[in-house]
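Structure first, commentary second.
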Amino acid sequence: RVLITGGLGQLGVGLAEILRKQYGTNNVILSDVKKPPPHVFRSGPFVYADVLDYKHLRELIINNQITWLVHYSALLSAVGEANVALARKINITGLHNVLDLALENSLRLFVPSTIGAFGPSSPRDPVPDLCVQRPRTIYGVSKVHGELMGEYLHHKHGLDFRCLRYPGVISANTQPGGGTTDYAVQIFHDALSTGHHECYLRPDTRLPMMHISDCHRATVEFMEAPECQLSLRTYNIAAMSFTPEEVAQEIRKHLPQLKITYSPDSVRQTIADSWPVRFDDSNARRDWGWAPAFGLEELVSDMLHTIRNKRTNEGLPIN
Ligand code: VAH
């Protein structure tokens, strides 16, 4: 059975849907520290679980015979900078609870890392799997710590720790929750509603990005890969890198009237400028056959199509 923490964030519900198709609805349990919308309860088991409550998490894992744990609970980049104390608690103490429980119960543990695990002194274009990592956010620092702790427990005690460094994830039906790459989701909603997007990054800010279905497929394929194929425990995965100007241009092929104005926000611009421009994900491609399906063209047409349908179903006007 699979337990997903932080299940009500950008990624949990979609990942649960895919895993439930493969392993059965009742074998995938979503959890989070807030009440889910009704459709989440209808789609399969949900439990309240706080990663800071070690005893309750332990009870959940044992009583539900959990064998895989996907740990999505975390405060992401800009959100974390606005609440460093909470980010340190959730991203580090919460992580340690999960690591200890995974070791004690021999779980296969997936913890995501991020482009944010690199800093200004890392190679940026492209950034390899193994290089200097001196991130400048509490999010990045906690994610590097997660990579190091997971690999330490793997090498010392055989913990089946698996970690993918995600790019910015672009989704139509769920909100991103980090703040730095989130413009690349908002621009699609703005294009179909107001026709104008105000971007908090400079037009030339290039960042690695990925369509949410590629992100989910990479996670499942990686979790299912035989251990003997993994030469690393932490891998970069990539699909594309684009700037606000480039994604705006691609959207204009469908909606020529799209206006984009720029008012860079210094906090998020500084974070974005410290992150890699492109990922080198050749190890993931070689070891476990990673290959993205969505490039910028496919991403833009899928996002516009999905959001257009959503707005029509909700009776909202379309620009
Ligand atoms: C953020 N979307 O902006 C998240 C993600 C890699 C970026 O972590 O923080």
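Both counts, for ligands and for their atoms, begin at 1 and track the order of listing. All values below come from the heavy atoms of this structure, side chains included, with hydrogens, waters and symmetry mates left out.
- Ligand 1 is approached by Gly179 to a heavy-atom distance shorter than 4.0 Å.
- Using a 4.0 Å cut-off between heavy atoms, Thr181 contacts ligand 1 through both its backbone and its side chain.
- Taking 4.0 Å as the cut-off between side-chain N and carboxylate O, Glu104 and Arg58 count as a salt-bridged pair.
- Using a cut-off of 4.0 Å between Lys/Arg side-chain N and Asp/Glu carboxylate O, Arg162 and Asp160 are scored as salt-bridged.
- Among all non-hydrogen protein atoms, the one lying nearest atom 5 (C) of ligand 1 is Tyr139 OH, 3.8 Å.
- Ser77 OG, 2.5 Å is the protein heavy atom nearest to atom 9 (O) of ligand 1.
- The pair Glu250-Lys253 meets the salt-bridge criterion, since a charged nitrogen lies less than 4.0 angstrom from a carboxylate oxygen.
- For ligand 1, the polar-atom distance check finds no N/O of Trp275 at less than 3.5 Å from any of the ligand's N/O atoms.
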Task: Worked check of ring-ring contact (aromatic ring centres under 6.0 Å, His included) between Phe110 and Trp68 - done: CA-CA 8 Å; Phe110 177 83; Trp68 284 12; 10.0 Å; no

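- Against a heavy-atom cut-off of under 4.0 Å, Ile115 is close to the following atoms of ligand 1: 6 (C).
- Put simply, Leu8 and Leu57 are part of two different groups of oily side chains (I, L, V, M, F, W, Y) that touch within less than 4.5 Å, one to the next.
- Atoms of ligand 1 lying under 4.0 Å from any heavy atom of Thr114, numbered from 1 in the order shown and given with element: 6 (C), 8 (O).
- The contact set between ligand 1 and Asp182, taken as ligand atoms under 4.0 Å from a residue heavy atom, comprises 2 (N), 3 (O).
- In this model, a donor atom of one side chain and an acceptor atom of the other lie less than 3.5 Å apart for His305 and Asn309.
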